[in-house]
Structure formats: C-alpha cells, structure tokens
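Data block below; observations after.
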Amino acid sequence: MSASPRADETQLEKEDARIHEETEGGIDEKLDAVEAPEPDKAAPKPNRPREKKDPQGPLVRQPGKSLLPFATVQRIIKADKEIPIVARDATYLISLATEEFIKRLCEAAQQVSQREKRSTVQQKDIAAVARRADEFLFLEEIILWTSSAKRRNATGTGLKAGRATLVDQFSSSMKVVSTFHPSSSVLSSVKCRLAERNLEHLVVARLNSLDVYSLRPHGLQHECGVDVWGKICSVKTLPISEYDGRSNIVVMITHPEPELIILSYVDSESSAPKLKVKKQIPLFERFPRLAEFFTDFLIHPSGNLAVVSCYAGKLKIITLKGGAYQKDFDVSLPELNVFSLAFLPNTDEDYALGILYLDIQGRLQLCARDIDTDNQEVCPQHSTLLQSTWISEKVVPFPTDSPPQLITVNPDASADDGSDEDAFPGGVLVVGGRQILLYEFASKESQEKQRGKRKRLEAKKKSLDPSESSKAKAKEREREGRRRKPTASIEWPWSEVTAWCNIERDTSRILIGDSFGRLSLLSLSSVNQLGMILVPLGETSSPTTLTYLTNHIVYLGSHLGDSQLLQISQSATSAQDSPLLIIPSEIKTVSPGSLSNVPSKKGKEKALAQDDMDVDDDGAESFKSIAPIMDAALNQIVTCSGGSNTGSVNIVRNGANFKELACVAGLTDVLGIWPVRSMYKDAEDSHLFVSTANESHLFRINDLGSNISFEQIQPSGLATNRPTLAFSNLSKREKMEYVDSSLVVQVLHNGVFLFEWSSTMKTYEEKSHWTPPERPQKPTPEIVAADINASQIALALSGGIVVVLNIESDTTNFRVAINHVTGSEISAVTIHPLNTQKSFSAQLAVAYWTKNVVEIFKIASEGRLQSTDTGKSSQLPAIIRSLMLYNFGADKSPGADYHPYLLAGLGDGSVATMSWKGGALTDRKIISLGATILYYENGRLANSPIMLKEIAALCSLNTTSFPASLALAGPTGLFIGNIKDLNKMHIRSASFGLDNPRRIVHEPSLKAFGVAFTRIEPSRIGNYEASASSFQLLDDNTLAILGQYKCDLDEEIVSLTTFTAAIGDQKKPFFCLGTLIYNAEEKEPSAGRLLIFTVAIASGKQSAMELSLVTTVVVNGCVFALRTVEDKVVAAVNSSILLYRLEVYEEESPAPTFTFKKLAEWNHNYMVTSLSSFADRVVAGDQISSVSLLKVADERLISEARDYGPLYPVAVEALSTKSLICANDTLNITVFELTKNVRGEALEQVGNYHLADMVSKFIRGSFSNIDATRAPLLVPETLYFTSSGQIGMIIDVKDRDFALHLTELQRNLGAALFGVGGISHARYRAPKNTKGISDGDNAAFGFVDGDFLEQYLNVVNHPDQLKCIMKGSTAPEELKLSQDEIMKVLEELQSLH
C-alpha cells in the first residue's frame, strides 16, 4: 500500500530542510574557523610545503535516487503555476535530465579551459560554450560574456548584487529610431456612425494606427487618429444597442500579443474628437499553435456576441451588451485548419457559425455549428441549419495567398413568415475558387427532419448490439462525408479573391475584388428565378478591404497600391472599345437585356453579364501608398513599390509643393532673376529681368487675365550683352522723404547704372552711373557681388572693398555713402532691411571667400561700418554664395514677435541659419535640402524643401494671373508657380502596372537608375501564371525609360549592383545582374547567371541609352544578393559567397573583350540571402540562422566573426568595418559590434529593439547633411524601409552622457504616457520572438524611440503631466536636462526627419 502524495511531499520537505540545515551549518563552522583568531598569532609559522588533498571521488548515485535534493526540484517545478501537481516519477526523471545537462555543460567548459592550458573552469568558459555550441544556445542571453567581478570600481568594491548599471549597456553608441514616412498599407476598414449627431464615419486601419474620417459632401474629412502599440489585424464595429445607430470600434492586434481592444469615439464641442479605450481583452496563450489561415474575429449583427480565432482548434467567445464587454470563455473547435468563419442568420436564440476548413484528408469542408453560450461550448454535432459538405479541389484549389471565404446571404423577408414558398431562405457563399458557390439554408421542416434522423441515429449508436452500433457510426460518417450540390454556382473568371463588401446592408448585392484589382458586382436578387449574376465593373488597385459608403461611393483600401474612393456608375464610362476586364473565352457571358428572358433554373449555373456598369476612379479621391517597399536607392529617396497591377517607382520627399502655372522654355544657364515694376510702389510686376552666364534679358509680362504671355524686348540703354549681378526698382528721395519713382538700378561687373522708365518711349533712359575708381599701379577693382534695397546699393569689390551707394536728394545722381576696406576677398553681400517698412537698412553683412565666415556691420550715422566680435559667425562648412537678413516676425522692432535671422546660402547646396538678436549671431543650423522654404513656427525656424531639382535662381512674382507666386530657373527654362502645403509629404510616382520593380541601383555618372522588374500575367485561379523579368534604365529626374533588356522566360532577376571598370584611360559604369533560372521540379535552385552590361548613349542623346551585354557567368544556384567592394563584386549564390572581378582585354581585338573572373569562394551552412559592405568588409545574412562578417583581402574572402544565435535576419547593413545592423523575421532590429574575447574576435549584440514592422532594406546614409565644423549630438546614420511602406531613420548618439539623458526621458515618458495596446512602452519595444513576449524577456537596449520622445512636445502645455515627466516617480528619476534643453534636442531631432 503506497503512501498518499501529500504524505510523500511532507516527508520530502522535512528531508530537504535537514540537508539544508546541515549544509548551512557546515558553512557557518568553516566561516567561524576562518574568522577566529589564532592563539599565538604573533609567532611566525614555519614554512612547510602545502599538502595536496586527495581529490574527491566521483559522486555515486544510489539506485532510484537523484544527486539533487528531490523536494527542491519539486518546488522549482511547482513555481510554474500551470503545473499544480507533479508525479514522483516525473520529478525523478527531470532530476536525472538536469544532472546530465550539468554534466555536459561542465565537460564542454572544461574542454575550453584545457585548450587554454588552465585547470580551473571559469565563467568565461561556460559563456564561450553557450555562444559556440548549438546545444547550449538558449543560455546565450542568460550567461553574460563578462563576469560581475570585472565590473568593480577602483577601490575594489563590487556593485550591489553584481548588477550592471545603465551605463554598462552603452559600450557602443546609442541609436535613435525615428519615422520619416509612416506606414501607408491599409489592412482593414469599416463604415459606422460614432457620434450623437447624424454623421457617418469611415474607420481605416493601417499596420499600427487607426484613422477616423467623417463622410462629408466634399469627400472624406479626417477627424482623429490613434497609434496602436501592436500589429493591427482587423477592425469592426460594435453596435451599442438595437435602437441606437451609434457604434463602438473593436480592433484586433496580432503582434506582439494577440489582443482585442474596444474603443469609443469621444466628440465634444470644447475639444477635438478622440478615440478612448474602453476595454482591452488579452488573447495570448503560450502553448497552442497559431492559426495558420484565419486570424480574425466576428461580431454578431445583434452586437451581443463576438468570436475570435487566433489559435488552431480554439475559439474565444465574448459576450457583449450595450457595446460593452460582459465576459469571455474559451471553447474547443474540432476543425483545426479553418479558412473562414461566418455568423449564420438563425431564427432561434442560439448562434450558428459557418465553418470552412481543411480536414485531415486535405479536403475542403463546409459545415455549421451552434454556439451554446449557457454551457459555454460549441455543440459537438453539426448544426441542422446548413448541411455539411465537402468541396472539390477542382472547384476551389488549395489557396496560395488568399484562402477562400464565406459570405452570409440573408433570407428574403417573405421567407420568415412562410407566405412565399418560392422565397429564398438564405444561404452562404463560398468565394475564392474557380466558381462562386451558394449553399442554401435548410428550411424549418428540413431541420426538424434532420433532428429526428440524428436522434434515431444517436439511439442506435448507444445500442447494446455492436453490429447495430457500428452501422450507426458508419452511417453518421457517411452523412458527414457526403458531397452536396450547391443551390447555385457561377464561374469566377479571375484570380484569388482578396476583399468583398455588401452594398449597404443588402446581402444580395456584393462587391468582390481580386488580387489584380478587378472589381465586380455579384447580384443574388431573384436568385431562384435568374440565378447569380456577376457584373464586371473595372480595374483598380489590388484591394485588401472594400467598404461601401453611400450613393454608389466605395472605399478601397490596398496594401499593394493606392487606396481610393470609387464611384460606381450605372452605365459604362470608359471610352475604350474593348472591355476593361477581359473574361476568358471558355466562360459564357450574356447581355444585360437577355437576363429578363432567362427562365427559372434553380441550382443551375448562370452566366456572367457583360459590362453594363462601370467603376470610375478618374475623379475620385486617392490616398497615396508606397507599400510594400521592396528596395530603395538614395540619390533621393526612391522606392520600388507595389505589386500585382500597381508596380511603381516613387520619389519621396517631405516639403512644400510647387504648383506650376506657366513656363518659359529654352532659357538655360540662368544666374539670376529679378521682378521689375513700372513704378516702385506698384503692387504688380510688369517685367521680369533675367541674367544668364553671357547676357541679360528683359521680358514684358502681358497679363490680360484670361490671356498671359512673356514677350522678350530689347530696351535701349540697358546692358543686355553681359551678365547682370543685380537689378531692382529704386525709390527717389525728395525733400528728405522717399517717394515713388520709375528708377531702376542695374549692377554689372564694371559698374552701376541708374535708369528711369519712359512711359512715352516705352524704354529705359540712363540717368547716372558709377564705376569703381582706378587705383595707381593696381588693376581696377571689379564688382563681385551686389545687393539692392529701396534706397541703397551695396557693392563688394575685389580686394575686399565694400561700397554703399545711394541717390542724392532731389537728384538722380549716385553718391558714395560708405567705402570700407575689409582686408579679405568678399563672396557675398546683403543690405536687406529687417524692417521692411523702411527704405534703408542699418545693417550690412558680408561673407568672406577664404574664411567662410559672415560678418555683420552696423551702418553708423557718419557713413562708416562698425564691426563687433559678436557680429561674426563661426566658420561655415562651405563657401558662402549668397546672404540675406530677414525678420520672420510681425514686429518691426525688437519685441515678442521679432525674429531676425541671417541666412547664408552655401556652395554645397545647403543653407546656414543664425539668429541675430542682441547684436550677436547664435543658434547656428545647417539645412541641406536644396531649394527650400524657411518659416517660423512654434518658436523655431523651420524649413520645407520644394519638390524641384536643379534650381539655379528664383524670385518673387506678383501679377494679376500669378498673385504671390515664384519664378524659378531650372535646367530647361523658367517656371512660374506658387507654393502649397508647407512641410507635407510629397510622392512623385511612375506607374509600371504589371511590371513590378524589385531591385534598384543608382548610377551617378549616367544620371540614371537601373531597375529590375518582374511581371506576372493575371490568370484565373488554378491556371498557370506566366512570369517575365526585365531590366530597365530610368532617368533619375523624370523616371522616363532610357533603355531595356528582357530576360528569358524561365529566368528572373533577383539581385542588382553597379560598378566601374577602366577601359583605356576612362572609367566606365557597368551593371551586374544576378538571376535565377526557374525549374518547377526543383526544391532548391540549382542554376542562375551573372549578367554584365555596359551602357552606351545612343546617337549622343541622353534620353536614349543602349544596354550591351558584355559577358555572362553561369553559377550553381540563385544569385540572392550582389555588392560592390572596391573593384570587385561579391555574389551570394545559394549557401556560398563568391568574389569576382571584371577583366578587360584590349590588345588582341579592336573592340575590348570582357571576362568576369572568379577570385574566391566562401561556403556557409545556410542560404545567404542578403549582403552589405563597408570598405573591404562584407556582411552576410542567412535567413535560417544569423550574420557573418567577412573581409576582402586581395583576392581572398576571410571570415572574421559570426553570430551563432538563431536570429533569422531578413535585411543587413554594414555601419562600419566593425559594426553592422540587421532586421529579423520577428520585427526586431539588432546592432552587432566586432569585439575581442578569450576565443578571439566575435560579434556581440550592442543593441536590440522591436520595430514592429518588417524591414526590407537598410541604406547607410541620410537625406540631411551634417555641419562638419561642429560636433552634433545627433548624427543620421541609416535609413530603413519596410513592407508596410514605412521609411525611418536610425540616428547615432555618440555621447554616452547624452544617451543616458535620452534614455531617462524615455523612461519617464513611459511612466506618464500610455498607448493603445495593453502594454507599457518598454514592454512594447522589448525584442520579441516567435512565441511572443514573457516576463523573462530582456528589455530593448542600445536604442531609444525617437517618435515616442517627440511626444514630449505635446505635453509642454499640460503642466501637471509635464511636472510628472520632469520629476519622475522618485528623486533619482528626476531628469538632469532642463525643459529648454529637451526642447532644443527634440527640435533638432525633428529637423533630421
């Protein structure tokens, strides 16, 4: 007779306590012996040789017992609350397994120590084993490389508990992650009414944000939005009551932890609308298998029940009331591989659930089950509402991307009361196959009959007669396995269905879209008489969500293209003769007129109707998307985006939009533009004066309102055969006052000329001139720069001379007001007044050639220039080509809104800005965005670049037709337009339709992009999809096609790079293409090619280029990636990395011959799918394991270090010769550095961060130049691009103290601000794995969230919240930086992205 488990446990606990007391007692005795004083301490002891103790023999396990304390092992197991009881045998086996694990770990560590000729096993030996042996990789994050003994202070005192401080995490620099362009991929949408007033809304869900739009007569109006700390899966509405049309919003997130969130819309007159979290329902479970096909949730139309599916074989049922949460419970679902779920209309109080799933035989099955909320279960038997059936694979093939879906069709109104026997009783549609199938619901009589049969069968199954019971079970299986004929079906002529929606609440009219954007209308009206009718509408972006709004307006959200508002018209609006949607010839179609003559053929297949409706998206609103980004280049930010029928190359820029209104073509090499008025005080300009490199031009503006022209005139007097430095109107001084005049000033290199406009002669007459005075025995000075205001002409002469001219009172003669020698050559000058209401300036600024310094002089009353030390700038990073003093405030004199700035245009295309207050130049910043608009906002100077390239000159222009406009000089002429949308994201796209860009490189010498395209021809579900690949050269400004190469049908371009090679005395560009030769029978690619192209400009025209294939190399696999290292090309071919160099032979033939020579090979264990390089270092990422660092030495590839952790990288980038960054499949980004340890060099993680998006590309660099003369705190380092369309920047923080300040700010913000997603910010950004997150996971380190830091700017006006952030929760958490310092840092951070 065995003892009870409780008695055994009590006895074991007593035994363990006794052993513990004996052990502790032994230790105490030894400590006492050591600390006790010796009797004769002063007497020296004789030196005796140490006696070696006999080594302790190996421990011997008694049979049936473990060497580890049994009760302790049991208590450790029971620490897991999910294991309340552990059997004795299980505890014993776990103890034995633990012994074996300790033995193997110690043996491996001992081998490490022996190889280093040590007899003592140290902590670093165990750490080395954890890093090197696959068996112990899971210990990598537990066992640190360095022991706590090394982290001790100078006095030898260790840190408390041996723990590392926050500074220990910053062995490398800190990185700041900031977003430049948010995710643009739309995943879900829903229409609802959220507010009290009768206003409908559209809720749009993107990857990690929700946006609410109101439906207005003019279109969609954005009301509010909220960021979600998680990956959004779906959004739906939750009715508040049966009688109230208002709803709440329910959002499901799937990553990092599945969760359901109920939000309410708060709208008040006193504040802006917002979304408020009402309830967050966690769905995460650690052990179940994730659902493979259907991760979504349903809400019953009554709003009383929700069903959530995120794990295989399990559903979470949530009861709701009044739009609020009541309770939830889990139920088991026999169907494991669920494709789709749908609520079925049931007249009873029970809820019926339609289930489309894949059974264990691989067959597609359709069934229904009732949900019993009272007993909290799904009924084990199928519902009688819908008879179960299996569906042939010929009708619905196994899905490749989008699984088939269920759509519920409500019964006719007359079917409920039984008044019409021919009324449709409702049913369920199966869409997503070669046919759309309609299965009708069983009538009440049929359901009663089925229940009776089931009752009799259950009775037979319980029979005592085995034969009868066996027959009953066989009969049940036979019934469940029957294939039932659909009530109606219709051929689906296109590809996989990706989205659908009902027209309003009418379930008999359904919009369906496929993966190539082909939209159609399915009608079930009079289905018993006419069958199902499918009406093709037109082609749009590939939809991920469709939502019918109102008045035939449909919102289409897309992941692969632009989201759109579509107008469905009653008649075709296309002017094309051929139909927009091509229907395969084998599918029967009918004309709309013949539908009325079709007799009733219930259950028979019906034909498609030819186009009699159309979808019009020409005038509809479009929402630009650049998702998914497959590749990118950094001449500008250029992305390869889109998919299916929406392939595009996009130029992305944040700035102002220039709307072109007119142009003057053919005027090139422009150096300056100036507007000219007939009289100084006229409001509108009458002429435009233009200077080129060799001459000058005067254009008369003939503006008649409806008709405008620019007429070039040749006025006598003006010097038009030479370039002009400055040209402007001038006021006249009479009786000590400035009066209106028709005077103009022209400044040339050899002099200044004053003209007056003659209204009678319609020309300019010279009134006065001034030339630089001759100097004895020295060359006559030349005017090198000039600036003009209403009454002063500032001239910079060669030799560092500054001259200021004005007009003598009551005359038209020049007078030299100032003549000042600076001693340094001058590059630019400005005399623009800070008070624009005055006709003169009290300051003059000059810039010096060699010093790159600006100096501001005060113009004294006695006609001299006064200089101060505070009026000089520090040295700027480039030569200064232009200057301007400008007040951005409304106050004309020092006051609250007085913001004077000095602006300096630099030779490298950047602009330096400096505040000019109190007679000192401060707050210097460098803006490097070419043509840009500067404006003052929120207490700082901001900039918004113009979406134009190669602007040589500009000026303001104001006419009747062009009020408040700009005139810009471009490479092809003059452009006139106005500025709109300051600091707004602008995207310029070139659409390529079915040609989807996949790889892109930029070749500066050709001013062209090389782009690899993949084209997949649309086909019907189940048919072969033909694909083709091509390589095209695109102009890097217009994105026009310059040249093209088409691959063979079975070959696809996978990778791309560019390099230069010497041919004779010239360096010529080459493109290297890596391809895959496809073979359907292969599981692993076995063949590919390297194609080397050179480019020749056809007929001397840059607009046409010829691609010439100079050599090819056949390789044994797919060329996954290519990189250029110096004059060599590194190729990743399957699991190998190959090194090549282009050899050019010019002696034996008149034309050079080329050979792509293989120099070296490095083999890996897994497929190498990504490469990056820095100098002579190469970073290799394999998607199965981790990253490796190699060195290119002469003609060899040398492995330097490798990370052995299970990282699964998808994108890599080398940051330097010793550091790299990578992104993995669990949406984390990791930074590695090359470090040295006892085993040599190794890659060690110095940063880990959860980005919550899949990175497809890293590019080292930025779109902001850094002031090289200063040491900035924030240095842009890398750009990243994601599959959802997000573009972000990773910014480096070198200063460790400053990095600590940012980390402390993020910590305090995290304690005060909470996001939508159910977790804290620290937990949200903690690195994730495939199992989600747990309490034991490490926090993010080496990174801070820049977007989260910038939320500090939103709480500045909330004193209580601001105080909480500044003070922290305890005294040590108080921020060291002041509020002003934080604001300045965050403003600098914002300026970088």
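Because the structure is a prediction, the values reported are computed rather than measured.
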Where C1222 and V1212 come nearest, the two heavy atoms and their spacing: CB-CG1, 3.7 Å
Heavy-atom side-chain contact between F297 and L341 under 4.5 Å: no
Closest approach of P239 to G303 (non-hydrogen atoms, all atoms of both residues): CD-CA, 3.9 Å
Row check, Y555 ring normal vs K191 NZ/CZ: under 6.0 Å, within 45°: no
Residue pair I1382 / L1305: nearest heavy atoms and the distance that separates them: CG2-CD2, 3.9 Å
Heavy-atom side-chain contact between L1274 and V1293 under 4.5 Å: yes
Side chain proximity check, L263 to V277, heavy atoms < 4.5 angstrom: yes
Any L1279 side-chain heavy atom under 4.5 Å of F180 side chain: no
CA sep, side-chain torsions, deciding dist, call: K175, D1292, side chain to side chain contact (heavy atoms under 4.5 Å, CB included): CA-CA 5 Å; K175 313 290 182 186; D1292 195 28; 3.2 Å; yes
Within-4.5 Å side-chain heavy-atom neighbours: F1232 and L1207: yes
Mutual orientation of the aromatic rings belonging to H1321 and F1348 [parallel < 30°, tilted 30-60°, perpendicular > 60°]: parallel
Salt bridge (Lys or Arg N to Asp or Glu O under 4.0 Å) evaluation trace for R193 with E200: CA-CA 5 Å; R193 186 164 72 86; E200 292 183 313; over 6 Å; no
For the student: nearest non-hydrogen atoms of I249 and V251, plus distance: CG2-CG2, 4.0 Å
Side-chain donor or acceptor of N1308 paired with backbone N/O of E1373 under 3.5 Å: yes
Verdict with reasoning, I1290 to I1229, per side chain to side chain contact (heavy atoms under 4.5 Å, CB included): CA-CA 11 Å; I1290 297 175; I1229 53 177; 4.2 Å; yes
Where K1328 and N1228 come nearest, the two heavy atoms and their spacing: O-ND2, 2.7 Å
Side-chain donor-acceptor contact under 3.5 Å, E223 with S214: yes
Check: D1203 side chain, G1205 main-chain N or O, donor-acceptor pair, under 3.5 Å: yes
Euclidean distance, L1389 CG relative to L1349 CG, rounded to 0.5 Å: 7.0 Å
V190 versus V235, closest heavy-atom pair with distance: CB-O, 4.1 Å
Whether Y325 side chain and I281 backbone form a donor-acceptor pair below 3.5 Å: no
Donor-acceptor contact present, side-chain S309 to main-chain T295, <3.5 Å: no
Close side-chain approach of L1227 and L1251, heavy atoms under 4.5 Å: no
Test side chain to side chain donor-acceptor pair (under 3.5 Å) applied to S184 and S625, S563, S641, S558, the passing residue: S625
Chi angles and distances behind the side chain to side chain contact (heavy atoms under 4.5 Å, CB included) call for Q1379, V1356: CA-CA 9 Å; Q1379 180 180 340; V1356 172; 3.4 Å; yes
Atom NE2 of H1358: over 12 foreign heavy atoms under 6.0 Å: no
S178 side-chain N/O to M1289 backbone N/O, donor-acceptor pair under 3.5 Å: no
Aromatic ring pairing Y1324/W229, orientation class (parallel under 30°, perpendicular over 60°, tilted between): parallel
Exam field: side chain S1170 to backbone A1211, donor-acceptor pair closer than 3.5 Å: no
Heavy atoms from other residues, nucleotides or ligands near OH of Y1208 exceed 12 (cutoff 6.0 Å): no
Donor-acceptor under 3.5 Å (H300 side chain, L298 main chain): no
Backbone N/O of L1215 and side chain of E1277: donor-acceptor pair under 3.5 Å: no
Greater than 12 external heavy atoms within 6.0 Å of K624's NZ: yes
S1284 and T1282: side chain donor to acceptor below 3.5 Å: yes
Between S402 and T498, a side-chain donor and acceptor under 3.5 Å: no
Exam field: side chain N248 to backbone G323, donor-acceptor pair closer than 3.5 Å: yes
Side chain to side chain contact (heavy atoms under 4.5 Å, CB included) assessment of S1283 paired with D1253: CA-CA 7 Å; S1283 59; D1253 203 349; 4.0 Å; yes
R1323 with E257: basic N within carboxylate O range, under 4.0 Å: yes
Residues S234 and K236: side-chain donor-acceptor under 3.5 angstrom: yes
H222 (side chain) donor-acceptor with C224 (main chain) under 3.5 angstrom: yes
Within-4.5 Å side-chain heavy-atom neighbours: L556 and S541: yes
Min side-chain heavy-atom separation S189-V203 under 4.5 Å: no
